[in-house]
Amino acid sequence: MAYLIRRLMLTIPTVLGLTALVFFLLHAVVPSDTVDVLVSFYGINDPELAQQLREEFGLTGSLLSQYADWLGSVLRGDLGASLFTKRSVLEELSRRLPISLELGLGAMLVTLAVAIPAGIISAVKRDGPLDYLLRGGAVLANALPDFWAATLVLVLGSVWFSWAPPLEYRTPWEDLGEHLRLMAVPVLLVAVTPAAALIRLMRSQVLEVLRQDYIRTARAKGLDARRVYGRHVLRNALLPVVTFAGLLLPRLIAGTVIVEQIFGIPGTGRYLLQAIGRLDYPVIQSTNLVIGLLLILVNVAVDISYTWIDPRIRWR
Amino acid sequence: MPAGMRGRIRYSRRRLLGVAGTGVAAAWLAACGDSKKPGGAQTEGVTGVATPGGAAPATTVVQAQTGGIFRSLIDEEPATLDPIAPSGGVGAQLGAFTYSRLLRFKAGKNALADGSVEGDIVSRWEQPDAGTLVMTLRDGVKLDPRAPTNGRVLTAEDIVTTWETFAAKGTYRTDLANAASKDAPITSVRAVDGKAIEFKLAQPDAQLLTTLASRFGLWILPKEAFSGGFDTKTEMRGSGPWLLEKYTPAVGFSFKKNPNYWESGHPLLDGVELPVVMDTAQAEAQFKAKNIHGGPALGGGAVSETNILTFKKDLKDTRIDLHAPQLIGPTLAFGYREGSPFRDKRVRQAVSLLIDRDTFIEVFTNLKAFQDAGVKMKGYWATPLSAGWGPFWLDPKGSAFGPHAANFKLNVAEAKKLLTAAGFENGFETPFTFLSGSNWGRDWGQRGEALMTMLGRGGIRCKPNPVDYNSVFIPQYLRKRGDFDGIAMQRTGSRGDPGQWYSIFFGSSGANTQLGNMFPEVDALILKQRRETDRDKRIAIVHELQRYFAEHMPSVPQGGHTEEPIMSWKGLHGPDEYFTWGGGDLGADAFPLYWIDSSLRG
């Protein structure tokens, strides 16, 4: 518990550092600003309008005061609003984050469901045809960029089967069938690359554990294969896998922008990408804050889970 | 052409993704001396446009049907739905669906759209003197039936309140409001009575009516928009042909027909859906599945030019319609700092002489493949004005252009002579800046590569300088008015009026000028055409501008355009019949005229 509290307290300076870095990089390093983007074709001839907009957007104070203002709003629970659309960032993230979470979590579940058994099988059947098939497939899948695979699926699906995914995103409450029809393919596509990496990781971990004396002892005691692998091998091989999965989740949530774009999924990745293109400061800053927090919390959860997987591990 | 260069161009042979354009089709070919057979299909399922007075098109005349939902697409998320406040191109285009303008461009039916204007919500206008314009609203132009407008009649007061906000903070206010720019005509607007509006003008302005008709002009919002009645950034309540029924960010728009629209009998459709589709493969897959019906769209047609011919072969019930060349004009802008080689006219002429325009057009539009398939497309050199401007464009291949038309023709030997005369016998090195992203098209990099290769043949050795649009190109090139080093690939946007276009991109006070103060003669000609209210004389001055550009090459056009092929399912009627003027709008000028038959319903 003390460890948990200490870890959570450490998130505060981490998050502050992250937000400050993003803020100052955006404002100090990028030579143009939101207003330049907004009035890109007319600003030079209309400095009055540009100044009006800068005042309206709160971009005229010092960088430190702008950062302090933003931080103050965040601490009051206000993540701000898009400078372009005026839509609340909190509202938008409330709508989009669950979609990205679904995409990310779905992909992670598929990854784990496929990669863990495949990795075990590959290790157990080491140097056999199945092992080579699984390893070769993993290398191939790892080499495929997901955006290329997504485009290929769309094009070949269209050419060979006259297939197209549903055109508009619908929530599960609006139309569960359409929702699943839209999300199924992107979830599988997003899962391909991490599953490939995890198969190989799982294989090497299982091989490492299989070499241990306690496994020989377990076999010598007459335990059946199911108990040996399920109780002894899997649990000991899982630690790095849990770390991998923990680090994967935030990437899956925020890094699927291209798949979101291709399939028309209104997720967080697209939201952030558009905001970056427009230099929409509140959206960029607040979305980075949320994703950063998520990453930190997942890391804490991963650390805590170690103690469940391996009771020998105790955090002080 | 050296084999190596053709090999590089073959490598860089990427197709344009088909930026949307509606506009005038082939009748202006006749104006350019084209003797092609008027009208009719050149290939089954391909339409052109009948020349004025020519034969009727070969497509069978079918009775228009009302009803149905037309599914188009939008390829970009709008920053805001407010057509007045800074909004970017797509935002203004969306305004056309639900808001009205005072005037609009007349669409051509199987014929040329000549850029003339007619009333939108205005029934008539008159100029009692040079400094006054009085417009009278149509009877019974009703607003959105939902709160807070509740279907009330639009009045002159709405025009005045819209103007006041526009003049204070409209993105395009410098084109109309004299308070924002001394070159702009309107000094004040007042309501004479409930229907009549009086505009006071600082000076005569030939661009005024066309600017009011274009999407870069004055969209009319109800006064409730300015008193907190609704949030214009996220809602729309206008008097246009459509009502915004639903908007889900990142998903799409649903518009339904405005039952109170002033033009009775229109729109023919019950509604229009615009899903946000940002990926070409997705758009084409959806088109194949008939989830998107085709036609011109906001940001690009559903089927890219690269794939149109393949789709035509595979999908029997589709049609290719040829719309006018885009008004967007890619150019090579020069840095005019002290000591720049491009301050010498001979060097600029040499740059132009090194560009093989016909090959450039062929490579980036796949022109020959279309022609071999029986589609009668042609390539048209930009001057830098695009051929899409109809009678305003002067064909450099025509006899009327004059001796400087030679500066558009590939002539490497002459280019080298000019460079030698300018003191660059061994050529010179120069930075060549272009966008690293796809802001101006996915093949922008390939275009740059092709141009650098062409210039290299004459000894102009280009150092590639790819940059980001927002963080580098805008502050260091776009807004520098020629104060940069080397060459920068630029792209001029479209506008409703060619004079306005020249003014913005080449006038010394233009918001996006490539020339700065370097060419006072350009300013003089731009002003001259702006003050000339006789249309034919004005066209002649715009021709003079093009001849000046040909002689001095203050900015070199990159190549040119072809007609824009747009693919539709045959069940979509309208893109084959109606051709709107560039600078007009799909939502207001085209879609209300479209209809779909039973093959696309349900």
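Only the side chain of A:E92 comes within contact range of chain B, judged by heavy atoms closer than 4.5 Å. For B:A283, no part lies under 4.5 angstrom from a heavy atom of chain A. For A:P165, the parts sitting under 4.5 Å from any heavy atom of chain B are the backbone and the side chain alike.
Taken to the nearest 0.5 Å, the CD1 atom of A:I99 stands 8.0 Å off from the OG1 atom of A:T268. Taken to the nearest 0.5 Å, the OG1 atom of A:T151 stands 10.0 Å off from the CD atom of B:Q282. One distance of note links CZ of B:F255 with CD of B:E245; it measures 10.5 Å at 0.5 Å rounding.
With respect to chain A, the highest number of heavy-atom pairs below 4.5 Å among B:K288, B:Q286, B:E273 belongs to B:Q286. Annotation: maximal heavy-atom pairing with chain B below 4.5 Å, among A:R87, A:Q261, A:E168, occurs at A:R87. Per-residue counts of heavy-atom pairs under 4.5 Å with chain A were compared for B:G252, B:A289, B:P475, B:G437; the largest is that of B:P475.
Ring pair B:F473/B:Y469 is parallel by interplanar angle, where below 30° counts as parallel and above 60° as perpendicular.
In this structure a side-chain-to-backbone donor-acceptor pair under 3.5 Å is present from B:S436 to B:V467.
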